[in-house]
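Each chain gets a letter, A, B and so on, in the order its sequence line appears, and its residues count up from 1. In this text, all values refer to a predicted model and were calculated from it rather than measured experimentally.
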Amino acid sequence: MLSAPDALDEDAVPERELVVHRRDELDRLRKTLSPPTPSDLTYLIGPTGTGKTMLSKLVVDILERKHNIRTVYINCWEHYERTAILYQAVSGLCDAAIQRGSTGRSELIDYLNDDPPQPQILILDEADQLADKRVLYDLHEAPVNVVLIANNEDDLFADIDDRVRSRLAVGQRIECGAYSTRELAEILEQRAAHALPSRRYTPQHLDWIADHADGDARVAIRTLRVANEQRDGNLDRPTIDEALPQARSELRQKSLHQLNDHQRAAYDVIADVDDTPLTTTEVAERYQKRVDNPRTTRQVRTYLRKLHQYNLLERHGTSNYRWSLIE
DNA sequence: ACTCCACTGGAACTCAAGGGTA
DNA sequence: TACCCTTGAGTTCCAGTGGAGT
């Protein structure tokens with residue numbers, strides 16, 4: 001049994017005392033947003049599993065409790081179209097009766113530009129996934145403090161014209177680098193102490209998990225949870241060895257659940273091939289044989305790019321791509 | 001160095017769906 | 001209930017790019 005199951009949930013916002021090795025970033029973010037400044041931008045940049053989302057949610061949690069601040073969190077995997085982002089922002093920040101689908105973009109922008117009765121913070125997680133980056137400019141013009149979370153600043157600023165880019169370039173940057181093995185082990189130690197107080201594990205077990213998680217706290221925490229479930233807390237090396245691939249597989253499954261049937265079929269085409277990467281044309285042809293009412297090759301190209309962005313596929317080459325699964 | 005051609009991704013377009021309104 | 005508006009998914013078209021062949 002877990003005494004504090006959230007401590008082993010990689011998506012849950014932890015208590016402040018569970019935040020280790022991100023204290024500086026936490027304090028900087030809190031200072032930056034206390035109070036939130038209208039039209040200010042804050043960037044949280046770092047690889048997957050380095051605590052960016054956790055930091056932003058934790059700070060917002062603290063600020064909401066202590067101050068009269070209105071906040072909205074938007075995950076750009078779920079909502080990536082320009083209008084969808086504006087709709088989510090207006091729904092969360094404005095007391096306006098708006099209807100999805102029948103409120104135009106300009107009207108949504110007008111709502112956002114109204115003087116707010118209280119300070120506002122808008123968090124865009126996975127902001128490099130936005131389909132139309134012009135929404136960043138829409139939001140920057142509004143009286144709201146925007147926090148942009150992304151893996152990499154180059155991707156975030158890709159396909160933005162120079163004029164908009166220079167206006168967005170201002171703002172506080174907080175970098176979250178990949179965790180070292182030592183740091184990850186200490187994070188696990190904290191989590192395990194909360195969730196598994198009977199301590200049926202050793203520091204060596206946590207080191208072993210940390211060493212194999214490639215700096216990704218999500219993988220490390222999920223591995224600890226899987227291993228614990230398998231042996232009900234009695235960790236040993238063989239259990240951890242089994243738990244690691246299972247944890248990675250479970251995280252991958254979470255991403256796969258977000259795909260539609262056609263995207264999934266394209267993914268399965270590549271998954272069915274052992275080791276040999278397929279060209280885009282090969283994927284499209286096999287996919288089109290596999291499904292009823294197949295989409296066009298052009299659409300398959302869009303799917304593959306999306307799967308690549310989801311970190312489900314590896315793309316080989318610079319012009320004529322070949323595709324394989326990420327192991 | 002040149003040409004050819006497959007591949008890529010942006011832009012413009014169509015279409016179906018969903019909600020508002022008269 | 002018919003019409004209008006908006007959106008998002010998908011298609012078509014096409015200019016740019018880079019690899020392969022000569």
When the distance from [atom1] of [X] to [atom2] of [N] is rounded to whole Å, what number comes out?
| X | N | atom1 | atom2 | answer |
| --- | --- | --- | --- | --- |
| Glu282(A) | dA6(B) | CD | C1' | 13 Å |
| Leu304(A) | dC7(B) | CG | C1' | 13 Å |
| Arg301(A) | dG10(C) | CZ | C1' | 13 Å |
| Lys306(A) | dT8(B) | NZ | P | 18 Å |
| His262(A) | dG10(C) | NE2 | C1' | 10 Å |
| Gln299(A) | dG10(B) | CD | P | 13 Å |
| Glu285(A) | dA6(B) | CD | C1' | 12 Å |
| Arg298(A) | dC13(B) | CZ | P | 16 Å |

With a non-hydrogen cut-off below 4.0 angstrom, is [X] in contact with a base, only sugar-phosphate, or nothing?
| X | value |
| --- | --- |
| Arg295(A) | sugar-phosphate |
| Thr281(A) | sugar-phosphate |
| Arg322(A) | nothing |

Pair Arg264(A), Asp268(A) - check salt bridge (Lys or Arg N to Asp or Glu O under 4.0 Å), show working.
CA-CA 6 Å; Arg264(A) 182 58 197 254; Asp268(A) 287 341; 3.1 Å; yes

According to a strict under-4.0 Å criterion, is [X] in side-chain N/O contact with OP1 or OP2 of [N]?
| X | N | value |
| --- | --- | --- |
| Tyr303(A) | dA9(C) | no |
| Thr280(A) | dC7(B) | no |
| Thr302(A) | dG10(C) | no |
| Arg305(A) | dG10(B) | yes |

With side chain to side chain contact (heavy atoms under 4.5 Å, CB included) as the test, pick out the partner of Leu312(A) among Leu325(A), Leu256(A), Leu304(A).
Leu256(A)

Ion pair present between Glu10(A) and Lys254(A), side-chain N to carboxylate O less than 4.0 angstrom?
yes

I'd like to know whether Arg182(A) forms a salt bridge (Lys or Arg N to Asp or Glu O under 4.0 Å) with Glu186(A), so could you lay out the CA-CA distance, the side-chain angles of the two residues, the decisive distance to 0.1 Å, and finally the verdict.
CA-CA 6 Å; Arg182(A) 186 70 250 131; Glu186(A) 285 166 14; 3.3 Å; yes

Heavy-atom pair with the smallest gap, counting every atom of Leu112(A) and Leu139(A):
CD1-CD2, 3.8 Å

Asn260(A), nearest nucleotide to its side chain (from dG10(C), dT8(B), dT12(C))
dG10(C)

Can you tell if the side chain of Tyr73(A) reaches within under 4.5 Å of the side chain of Thr53(A), non-hydrogen atoms only?
yes

Set out, line by line, the N/O atom pairs under 3.5 Å between protein and nucleotides 17-19 of chain C.
residue : atom : partner   : partner atom : Å
dG18(C) : O3'  : Ser319(A) : OG           : 3.4
dG19(C) : OP1  : Thr318(A) : OG1          : 3.4

Exam field: side chain Lys57(A) to backbone Pro14(A), donor-acceptor pair closer than 3.5 Å
no

